[in-house]
Amino acid sequence: FSIKNWTVGDTPAVFFLEVVIRTTLLYLFALLLVRILGKRGLGQLSPYEFVVLIAMGSALGDPMFYPDVALLPPMLVLVTIVILHRSVSLATQRHKRVEIFVEGEAAVLIDDGKVIEEAMDSEVVSFDELGMLLRQNGIENLASVRFAALEPSGKLSVFRYSAGDRMGLPLESLLPKSGVARFVAGARVGTSGDYACPGCGKVKTFPAEQLFIDCPNCHNQEWVAARKAVSRR
């Protein structure tokens with residue numbers, strides 16, 4: 001057992017100074033290139049910009065602490081990445097098809113308060129994930145959402161109804177240990193009213209003494225009491 005072997009090994013002391021110098025030079029060089037990329041590259045990342053950052057990180061890693069890796073090749077890699085990024089950005093501005101291929105398109109997940117299952121499947125978004133995104137936007141009830149679209153950056157854009165009360169799924173019911181009562185298919189309805197499916201958000205009216213059934217939309221076997229979504233004016 002040797003702490004020296006674990007931490008320093010046979011590395012000469014002068015190399016630690018070289019690591020500091022290499023890292024500083026590459027950091028400053030990368031900072032310059034990020035400035036060239038522009039502010040758009042610093043906001044929400046598109047899939048292509050995410051790839052650019054991964055490539056830049058890979059190019060910067062090895063030359064920082066491997067003495068046998070020269071600095072010029074990775075610097076050339078970074079310059080090439082920036083040139084490709086700028087070229088693709090210009091192409092996306094001038095050609096809509098290129099923009100769709102590179103950036104992707106926004107996907108409408110909720111329209112008129114209703115979840116679009118096909119879009120959810122296409123974007124590989126679960127209903128629990130959608131609930132999380134809605135809660136991050138300050139949405140308490142699914143029924144208060146007029147329109148919601150998943151942007152290419154991964155953010156969810158949400159538009160509320162401007163007025164009116166609607167019955168819908170309380171999003172707190174999707175949280176573990178929320179305390180919201182759930183009613184299982186086959187159980188008898190105690191109080192008539194509107195109930196919402198925590199699997200897809202569908203609202204269905206059940207008369208008293210009727211048995212709860214599976215959700216006709218997603219076949220989930222649980223229901224929660226729907227609540228009024230009071231829209232903000």
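Only a predicted model underlies this, so the values are computations on that prediction, with no experimental measurement involved.
Two residues are said to be in side-chain contact when any heavy atoms from C-beta on lie closer than 4.5 Å; Glu117 and Val115 meet this criterion. Counting heavy atoms from C-beta on, the side chains of Leu150 and Leu133 come closer than 4.5 Å. Residues Glu140 and Leu171 have side chains not in contact (no heavy-atom distance under 4.5 Å, counting atoms from C-beta outward). Within the 4.5 Å cutoff, side-chain heavy atoms of Met167 are placed close to those of Lys228. In this structure, Val203 and Leu142 have side chains that are not in contact, with every pair of non-hydrogen atoms separated by 4.5 Å or more. Ile110 places a side-chain heavy atom less than 4.5 Å from the side chain of Leu134. At a threshold of 4.5 Å between non-hydrogen side-chain atoms, the residues Arg160 and Ile139 count as touching. Contact check for Glu172 versus Arg227: side-chain heavy atoms found under the 4.5 Å cut-off.
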Exercise for the section: For side-chain contact (heavy atoms from CB on, under 4.5 Å), just list the numbers for Gln93 and Leu90, CA-CA rounded to whole Å, side-chain angles, deciding distance to a tenth of an Å, and then say yes or no. Expected result: CA-CA 5 Å; Gln93 291 175 10; Leu90 289 174; 4.1 Å; yes

Problem - Test ring-ring contact (aromatic ring centres under 6.0 Å, His included) applied to Tyr195 and Phe212, step by step - result: CA-CA 10 Å; Tyr195 292 82; Phe212 286 104; 5.0 Å; yes

Practice task
Go through the steps for Asp111 and Phe147 under the test side-chain contact (heavy atoms from CB on, under 4.5 Å), then give the verdict.
Solution key: CA-CA 5 Å; Asp111 187 20; Phe147 181 86; 4.1 Å; yes

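Here the CZ atom belonging to Phe206 is positioned 4.5 Å from the CH2 atom belonging to Trp223, to the nearest 0.5 angstrom. If you take SG on Cys200 and CD1 on Ile116, they are separated by 13.0 Å, rounding to the nearest 0.5 Å. A distance of 10.0 Å separates CD of Glu209 from OG of Ser192, quoted to the nearest 0.5 Å. The distance from atom CE of Met120 to atom CD of Glu129, rounded to the nearest 0.5 Å, is 8.0 Å.
Cluster annotation: Val158 and Tyr161 are assigned to distinct hydrophobic clusters (Ile/Leu/Val/Met/Phe/Trp/Tyr, side-chain heavy-atom contacts under 4.5 Å, transitive). Cluster membership for Met132 and Leu130, using ILVMFWY side-chain heavy atoms within less than 4.5 angstrom, is shared.
For Ser157 and Glu151, the side-chain atoms include at least one donor-acceptor pair closer than 3.5 Å.
Taking a 4.5 Å side-chain heavy-atom cut-off between Ile, Leu, Val, Met, Phe, Trp and Tyr, the cluster of Val124 contains only that residue.
For the ring-ring contact (aromatic ring centres under 6.0 Å, His included) test, no residue two or more places apart in sequence or in another chain qualifies with Phe127.
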